[in-house]
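To find a chain, count down the sequence lines: A is the first, B the second, and so on, and within it residues start at 1. Computation of the quantities below employed the complete heavy-atom set of this structure, encompassing side-chain atoms and omitting hydrogens, waters and symmetry-equivalent molecules.
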Amino acid sequence: MNENERQVRQITPKSEDFSKWYLELVQKAELADYTPMKGMMVIRPHGYAVWENIQRGLDARIKAAGHVNAYFPLFIPESFLKKEAEHVQGFSPEVAWVTIGGQEDLEERLAVRPTSEAIIGHMYAKWIKSYRDLPVLVNQWANIVRWEKVTRPFLRTTEFLWQEGHTCHETAEEGEAETLRILALYKEFCETELAVPVLSGRKSLREKFAGAQMTYAIEALMSDGKALQMGTSHDLGQHFSKAFDIKFEDRNQKLQYVWQTSWGMTTRTVGALIMVHGDDSGLRFPPNVAPTQAVIVPIPAGNWKETVLPAARAAEAALAAAGVRVRLDAREEFTPGWKFSEYEMRGVPLRIEIGPRDVKAGQAIVVRRDTRAKEAVPLPALPARVPGLLAEVQAELFSQARAFLEANIRDAADYAGFKETLENLRGFVRAPWCGDEACEDKIKTETMATIRVIPLDEAAAQPAGPCVRCGREGKAVAYFARAY
RNA sequence: CGGGACGUGGCGCAGCCUGGUAGCGCACAUGCUUGGGGUGCAUGGGGUCGGCGGUUCGAAUCCGCCCGUCCCGACCA
C-alpha cells in the first residue's frame, strides 16, 4: 500500500501520532468539522447523536435525583458577573461581550455566559424567601462561550454544550451532601454509560472553580496517558448567596444565606469516548451511547435481492422491535468490504453480515467491534442474542479501560521517580503532598503535572510518607497527571 | 499569548528554490464488471493555488500584512 492509499483508506495509527489520529478520526468519522471562526466547530449529525444519547442518560439520572430543568438567558449583565470577586477574576480573561444591540451601543455590556451562576443567583434571590422554598434543585442544558486561545474539537472549543446544575440548600451539610451526591452520579454515569472508569475526589484550592468553596471532580485517563476532567461538582458554600443576596427565613425565623452547589458535564465527554476507546481502525463506541448499535450488511451475490435482502429487512425489523438501534445498509454502490471498514471506523459496536450462505443456513454472522469475534446466530434468535452481545461489548470496553487505568496509576518512591514516571510513562502518579500551594506550583512547573484529584476516602487519602516534592509532612495523598 | 510548522479541486500531495495563468492519487459522475475485508476497467466533471496589498509585461511561485490550522509551552470544562 503506498502513502496515498494509506491516507485515503485509513487513519494515522493511534500509536504513531495520537493527536493526529484523534483529529483525523473526528473528521473522517464525521463527528465534527471546523468552521471559518477560530475555535468554533460544527457538531455533525453523527457526533450530535452521541451527545443526544449522553444527554438522555444524564438527564434521566439528574431528574431521578429530584432535579428539574429550566432555562436561563444566554446573556449576563456585566455588573452581575462582577458581584462575586473571585468568579469575575477567574472568568474575565475568557468572556465574550455584547456591546451593541442593533444600531445602538448598550449602556451596560452583556457577557455571553461562560457559566450561569451570576444570572441564576440573581433570579434565586427573587424566588427564595423561606426554608419552605428549599431545596431548589434546578438543572439547565445550555451552550457556553469561553474565549479560549487554544482549541481542539470536543476537548476545548470556544462554544460548547453542557448541563449545569444549580442548587440551593438550608444548611452547609445539605449543600455538601448534594455536591457529593452529584459527584457520585457523574461517576456512575461515566462508568455505566460511557464505559469510562474515573477517579473521583476533591480538587486542590489552586484547581478549584472560581468562586467555589470546594470543587470535586471525576478524572479519566486517555490512552495517551493524559488525564481528562469529565465532570465537576462545586460546593459554593455561601459565596454566591452573599454576593447575590439570596436569603431565606429559616425554621427559627432567622434570615440566612442559602448554601449552594453547581455542577456540570460537557460535550468534552464525546472527546473522551474517542480517546479512551478508539483504536487503529477508528472509533469504538460503547453500545449504550452509540448512535447505531448494530449495522446489517447484506452480501450481494447472485439473486440476493430475492433472498438475502428480505432476510436482512426482517432482521432489521425484528431488532428494531427489540429496542436495538439498528441500521440496514443495502446500498449497492459500496462493497461489503468497504462497509466493514467504514462502520468499524465509525465505531458501530456490532456488525451483522447476512449473505446467500447464511440465508441457506438460516443464520447471520455477528461481528463485535471491540474484539472482532465472530458468531453465527440463527436468524430467529437475533432479537434475543443481539442485546446480550451489546451488553458484553459494553462490559468489555469498560473492562479494558479500567485495566488500562489501573495499570497506569503508580506510586512515586521519590521525586526523581515521580518526574521520571510523568515524563516517560504518563498516567496518574499517586504521591503524598504537604498541602502547600507553593509546592503544587513547583511540581507543575517542573513536571507539567497538576493535582487531578485528592481521594475522599479517609483511608485512601492517608499519606504514607513525606511530601514528594519538599519532604515536609504529608498531609494528603494526591493523584498527579498531565492533563488536557 | 510566546516558540515552531503548514495553508494548491472534497481528502492526501507535487509544482514554488531557478515567475510564463495548474498536475497526480483517492473521492465524485456515467457505463459495464465485481461483491463474505476498502472490486476491476473505461469515459467524464470539478480548482486558479487561505485573504488583502505590493514588485513585475506577467505571480501558486518573489515581498509585506492579515486570517486559519497543527505541534510544543503558559491559561482553561
Could you check which nucleotide pairs with [N] in any of the strands shown, counting Watson-Crick or G-U wobble with both distances under 3.5 Å?
N     : answer
B/U18 : none
B/C49 : none
B/G35 : none
B/C6  : B/G68
B/U55 : none
B/G44 : B/C28
B/A60 : none
B/C75 : none

Quickly work out the [X] [atom1] to [N] [atom2] distance and round it to whole Å.
X      : N     : atom1 : atom2 : result
A/E332 : B/A29 : CD    : P     : 14 Å
A/Q140 : B/A77 : CD    : P     : 18 Å
A/D329 : B/G38 : CG    : P     : 16 Å
A/E333 : B/C26 : CD    : C1'   : 18 Å
A/Y484 : B/A77 : OH    : C1'   : 15 Å
A/W338 : B/G38 : CH2   : P     : 13 Å
A/I11  : B/C11 : CD1   : P     : 17 Å
A/E207 : B/A77 : CD    : C1'   : 12 Å

Position toward the 5' end of RNA chain B (nearest nucleotide), A/V367 or A/L155: A/V367
Those residues that, when tested against A/K63, pass salt bridge (Lys or Arg N to Asp or Glu O under 4.0 Å) (two or more places apart): A/D59
For the [atom1] atoms, the ones on [N] and on [M], what distance do you get once it is rounded to whole angstrom?
N     : M     : atom1 : result
B/A59 : B/U8  : C1'   : 14 Å
B/G73 : B/G64 : C1'   : 28 Å
B/U61 : B/U55 : C1'   : 13 Å
B/G68 : B/G44 : P     : 42 Å
B/A60 : B/G9  : C1'   : 14 Å
B/C57 : B/A14 : P     : 32 Å
B/C28 : B/G45 : C1'   : 8 Å
B/U21 : B/G38 : P     : 43 Å

Aromatic ring pairing A/W338/A/F334, orientation class (parallel under 30°, perpendicular over 60°, tilted between):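 Aromatic pair A/W338/A/F334 classed parallel.
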Plane angle bin for A/F418 and A/F480 - parallel if under 30°, tilted between 30 and 60°, otherwise perpendicular: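 Ring orientation, 0 to 90° scale: perpendicular.
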For [X], answer base if it contacts any base atom (sugar-phosphate contacts may also be present), sugar-phosphate if it contacts only those atoms, and nothing otherwise; contact means non-hydrogen atoms under 4.0 Å.
X      : value
A/E148 : base
A/T266 : base
A/T157 : base
A/G355 : base
A/L228 : nothing
A/P93  : nothing
A/Q229 : sugar-phosphate

[X] side chain, from C-beta outward: closest of [options]:
X      : options             : answer
A/S341 : B/G38, B/G36, B/G35 : B/G38
A/R372 : B/C75, B/G36, B/G37 : B/G37
A/P336 : B/G35, B/G38, B/C75 : B/G35
A/I299 : B/C75, B/G37, B/G35 : B/G35

Identified side-chain contact (heavy atoms from CB on, under 4.5 Å) partner of A/L283 from the options A/I11, A/V50, A/L25: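 Going through A/I11, A/V50, A/L25 one by one, the side-chain contact (heavy atoms from CB on, under 4.5 Å) with A/L283 is satisfied by A/L25 alone.
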Given the ring of [Y], does [X] sit roughly above its face, with NZ or CZ under 6.0 Å from the centre of the six-membered ring and within 45° of the axis?
X      : Y      : value
A/R469 : A/Y415 : yes
A/R351 : A/F340 : yes
A/K226 : A/Y484 : yes

Heavy-atom donor-acceptor pair, A/E344 side-chain to B/G37 base, under 3.5 Å: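 In this structure, the two groups form a donor-acceptor pair.
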N/O donor-acceptor pair, side chain A/R351 with base B/G37, under 3.5 angstrom: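 When only heavy-atom distances are counted, A/R351 does reach the base of B/G37 through a donor-acceptor pair under 3.5 Å.
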Face-to-face contact A/F160 to B/A77 six-ring, under 5.5 Å, under 30°: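 Yes; centroid distance and tilt both under limits.
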For the student: nearest non-hydrogen atoms of A/T192 and A/N288, plus distance: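 It is O-ND2, 3.2 Å.
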Residue-phosphate contact under 4.0 Å: A/K374 side-chain N/O, B/G36 OP1/OP2: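 False: A/K374 side-chain N/O out of range (4.0 Å or more) of B/G36 OP1/OP2.
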With a 4.5 Å limit on heavy-atom distance, are the side chains of [X] and [Y] in contact?
X      : Y      : value
A/E396 : A/R369 : no
A/V198 : A/E219 : no
A/R61  : A/E188 : yes

Per-nucleotide protein contact string for nucleotides 66-72 of chain B, where B marks a base within reach and S marks sugar-phosphate only (heavy atoms under 4.0 Å, - for neither): --SSSS-
